[in-house]
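Remember, it's 1-based here, ligands and their atoms both numbered in the order they're listed. Positions are given from 1, in the same order as the sequence printed here. No hydrogens, no waters, no symmetry mates; every other heavy atom, side chains included, goes into these values.
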Amino acid sequence: MIDKNKLLAAIEAAGTLKDLEAARVAALGKSSELAAALKTLGAMPEVERKARGAELNVIREAVEAAIEARKSSLESVEINAKLAANPADVSLSYEGARRGKIHPLSQVQDELVQIFGRMGFKMAEGPDIEDDWHNFGALNFTPEHPARDSQATFFIDADHLLRTQTSDVQIRAMEENGAPIKIITMGRVYRCDWDATHCPMFHQIEGLYIGEKVSMANLKGCLEDFLKAFFETDDVPMKLRPHYFPFTEPSVEVDIRCTIENGELKIGPNGKRWLEILGAGMVHPQVLRNVGVDPEKYQGFAFGTGIERLAMLKYGIPDMRKMFEGDARWLSYYGFDAGDVPTLAAGLSRR
Ligand code: DAH
């Protein structure tokens, strides 16, 4: 006779999942009393077999149910033991997954892409390591030209340097596509500078528009539209001040009327000062000749400025060097949420 209570007691007595498995094998396994009893059923007369079979089934079901119950209670004992050994502080508040922020430089570059994209400028690109011809020569800086001094930089060898300006892309784009052309480019440039508003590496945006009838008036209109859209204001009092760049003639620097108070930029006719914001001019005929464009047929303008500076002015960022320290606290303060950034697809198409 199988002692059901003894089997159930053995299951109940199992202290670990391993003990329980041993009890299961003893109660239900191949060499168990139950298995042996089931084997004898076949030789019994039918009436007896039915009665005995039902009896054995009751035992088996009771044993199986007991194993399941014991198993889940042993499992929770194990989990509780693990938690006790390595406690979690459930009173700690959960901040949710930490989301990153868009760096203000990326934000501003996306804004620029949007603005100039709407004006019909296409995107062009150039390398960080540039040769002397594209960075200087073709832009009308002769080897002894004093204007090179204002752009002291890092030379890789006698002919290669980390580019000092994105104006090199004017040359590359015209060498590739000739005229007419209407492009902007953005990227890293390098100079020997280091203070709160200058870094050895920074970013510039450069624009170039060459056509048969592109004039200085178009330059002024384009820059005015740009400044209004970028600084999100209707009135941007602007002054074109004569300047010198080797690759433009005439050359200008563009100032805007504004006041900066507590890091906040207020643009308007009541501003207290003129603030230099970009360099620009009509592309020098020699630059056009250098890239095989006929200056008798084509003319146009170019402009360029620092992107960090635009970001610092618009978003009240005091120290440029902090932009590149990778400090998450700085970024969580000055950064932007992903939804604030317009998508590239809506603006310029990359060439
Ligand atoms: N490349 C100049 C610089 O780095 C900025 C500049 C001035 C770009 C006049 C231009 C321009 O395209 O026309 O200082």
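Within ligand 1, counting atoms from 1 as listed, the ones closer than 4.0 Å to a heavy atom of G281 are 13 (O). Near T248, meaning under 4.0 Å from one of its heavy atoms, ligand 1 places the atoms 13 (O). Near S167, meaning under 4.0 Å from one of its heavy atoms, ligand 1 places the atoms 1 (N), 8 (C). Against a heavy-atom cut-off of under 4.0 Å, Q204 is close to the following atoms of ligand 1: 3 (C), 4 (O).
Side chain to side chain, E206 and T185 fail the donor-acceptor criterion of an N or O pair below 3.5 Å.
Ring orientation note: the planes of F121 and F116 are nearly perpendicular, at an angle over 60° on the 30°/60° scale. Classified by interplanar angle (parallel below 30°, tilted 30° to 60°, perpendicular above 60°), the ring pair Y209/F301 is perpendicular.
From the protein, the heavy atom lying nearest to atom 5 (C) of ligand 1 is G304 O, 4.1 Å. Nearest protein neighbour of atom 2 (C) of ligand 1, counting heavy atoms only, is Q165 OE1, 3.8 Å. Protein heavy atom closest to atom 12 (O) of ligand 1, with residue, atom name and distance, is E206 OE2, 2.6 Å.
For the side chain to side chain contact (heavy atoms under 4.5 Å, CB included) criterion with H103, the lone passing option out of Y334, W330, F336 is W330.
Interatomic distance, L278 CG to Q204 CD, rounded to the nearest 0.5 Å: 11.0 Å.
The closest non-hydrogen atom to atom 3 (C) of ligand 1, taken over R191, E253, Q170, comes from R191. When F245, F202, F247 are checked for heavy-atom proximity to atom 11 (C) of ligand 1, F247 turns out nearest.
Geometrically, ligand 1 and A302 share a nitrogen or oxygen pair separated by less than 3.5 Å.
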